[in-house]
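Every number for a ligand or one of its atoms is a count from 1 in the order of the listing. Just the heavy atoms: all of them, side chains too, but no hydrogens, waters or symmetry mates, feed the values below.
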Amino acid sequence: MAPSAASTSSAAAAASPSAPASSSSLPFSPPSSLLIIGAGVFGLSTALALARRDAFARCSITVVDRSNPSQPGAFPSPDAASVDSSRIIRADYADPAYTALGEEAQAEWRKQDKPTDLGAQGRYHKAGLILVGDREPPAPPPGDAQTSQSEGLKPKMTGLDYARASWANVSALAAKNPQLAARIEELPNPDAIRGALGTGGGSGEWGYINRNSGWVNATACMAWLLDRVRETGRVNLVADTVVSLERDGATITGAKLSSGRVLTADLVIVAAGAWTGGLVDLAGQVIATGQILGYMDLTESEQSQLANIPVILNLSTGLFIIPPTDRVLKIGRHARGYINPTPLPYPPLPSSPSSSAPQTVSLPRTTLTHPPSSPSSPTIPAEGTTSLRVALQAMIPWPALHARPFSRTRLCWYSDTPTADFLVDYHPRWRGLFIATGDSGHAFKFLPVLGEKIVDCLVREGSGEMRGKWAWRDGGEGKEVVTEDGTRGGQAGWVLEEELASG
Ligand SMILES: *[C@@H]1O[C@H](CO)[C@@H](O)[C@H](O)[C@H]1NC(C)=O
Ligand SMILES: *[C@@H]1O[C@H](CO)[C@@H](O)[C@H](O)[C@H]1NC(C)=O
Ligand SMILES: *[C@@H]1O[C@H](CO)[C@@H](O)[C@H](O)[C@H]1NC(C)=O
């Protein structure tokens, strides 16, 4: 059969046998109503960008988020990953596209002249960030099965490879930007790392500091974002839990809430972070992983001694320390994390109208979903607490801190993808459904620009490069997702319940 001019390759046609009307071949026309599920950094930034675009001036915009019953109307829910004392704002990546996006966001974070500027009022702290790596490769995933599953992915980078690639990229930018050049410095050996950290600790083999990076108060930034959304007067905020998506044939028509109410919309955007897999089967593209955090109370004098240290992130282990404010030091681990397979009371939307939905999906376990039976019951596995403590001893080797208990520990739930690229695309087999998730633990820094980029994907404008990176990818069905971007240490496939029980 002779191929017609209109047909693409048979492989491409086979990949989306029943592409809905929203597929990329048709011009975009704005819907008259739009529902965003999730008021985290993806959902709220998208709502703000939509409210500011002329094309959506006649579109009604609703955002729904789970809410703490004791704090009605709290957006986002207090156990959301976007709500925390701090998030690292890293300016550079091994990947040039994210480095460029990070630069765009930094310009906004740096604005602090007016109280309403994003970086003002203690929201942004330009403390500097040290990235270090060590020569040994990250620990292999446990078991042969998992090893073979990850074989199809790009070759693993070690933490050191990643740090060097990231340095190469930021150096290339600095060659064109003297202001940046003055703010970055290679730390070629353990002594240089110790000198830059200023605590007496830190002994990675190689690293660099970017004094343009730093950290932000995530809770305060989300409150700022919510204020901006409210100011538009365009967005209807609903506090309730979505239990399932509503559908009519192959079209998504809205969402059912736990109160029984149904919200209808022409277009539904699911931006529910690590909870997304409970609403939509993401078919091996995304998995919820829990990452450990610990908070330690400090004395006034420890606070003042540590107030001006940079953030340090060890890319070999994923362990990091954020300088303290209010006499609280935060330690965390950006690693492969724990998975939490959970039987689902409501089946998620299957990956196509003719498929069946999974019955179990990894979902967050938080202090709201599982209130601790006593204030001292562990929220993270003992293995995690030990790992945080070992890192603290290496990075701040002060005897007074070594045995001090953490005042609080917590799991921060990532929506992880195999490449750490976000998933921002129309669902290929359901009409009226757009997905914006897959943060992979590195999205918060993009808060100032993320919503605009998501709406660019929605209307199919802007950089095709990001649309390509963030596209829906079939073919992952039945595979365990393991993030292999070079920034994750630790083992894959640890099951939270088992680890909690063994500690
Ligand atoms: C950034 O690093 C990657 C390697 O990870 C390299 O391919 C790319 O060319 C670098 N970009 C710049 C601007 O140096
Ligand atoms: C990073 O972690 C590795 C492995 O645990 C350790 O050998 C190294 O000293 C750490 N680097 C820093 C700066 O703490
Ligand atoms: C972050 O901001 C919140 C809300 O504005 C505030 O209560 C909290 O003390 C701040 N935390 C830090 C670490 O600055």
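One finds no salt bridge joining Arg164 and Asp161 here, because no Lys/Arg side-chain nitrogen approaches an Asp/Glu carboxylate oxygen to under 4.0 Å.
Note: Phe422 and His442 meet the aromatic proximity criterion, with ring centroids under 6.0 Å apart.
Paired with Ile36 under the rule side-chain contact (heavy atoms from CB on, under 4.5 Å), one option of Leu237, Thr62, Leu50 passes, and it is Leu50.
If you check which protein heavy atom lies closest to atom 9 (O) of ligand 3, you get Asp326 OD2, 3.3 Å. Of the protein's non-hydrogen atoms, Thr325 OG1, 2.8 Å is the one closest to atom 13 (C) of ligand 3.
Side chains of Ser77 and Asp65: a donor-acceptor N/O pair is absent below 3.5 angstrom, by distance only.
Distances below 4.0 Å separate heavy atoms of Asn217 from the following atoms of ligand 3: 1 (C), 2 (O), 3 (C), 8 (C), 10 (C), 11 (N), 12 (C), 14 (O). Taking every non-hydrogen atom of Ala220 and a distance limit under 4.0 Å, the qualifying atoms of ligand 3 come out as 2 (O), 5 (O).
For atom 11 (N) of ligand 3, the protein comes within 4.0 Å by at least one heavy atom.
Side chains of Lys330 and Asp84 form a contact here, defined as non-hydrogen atoms less than 4.5 Å apart.
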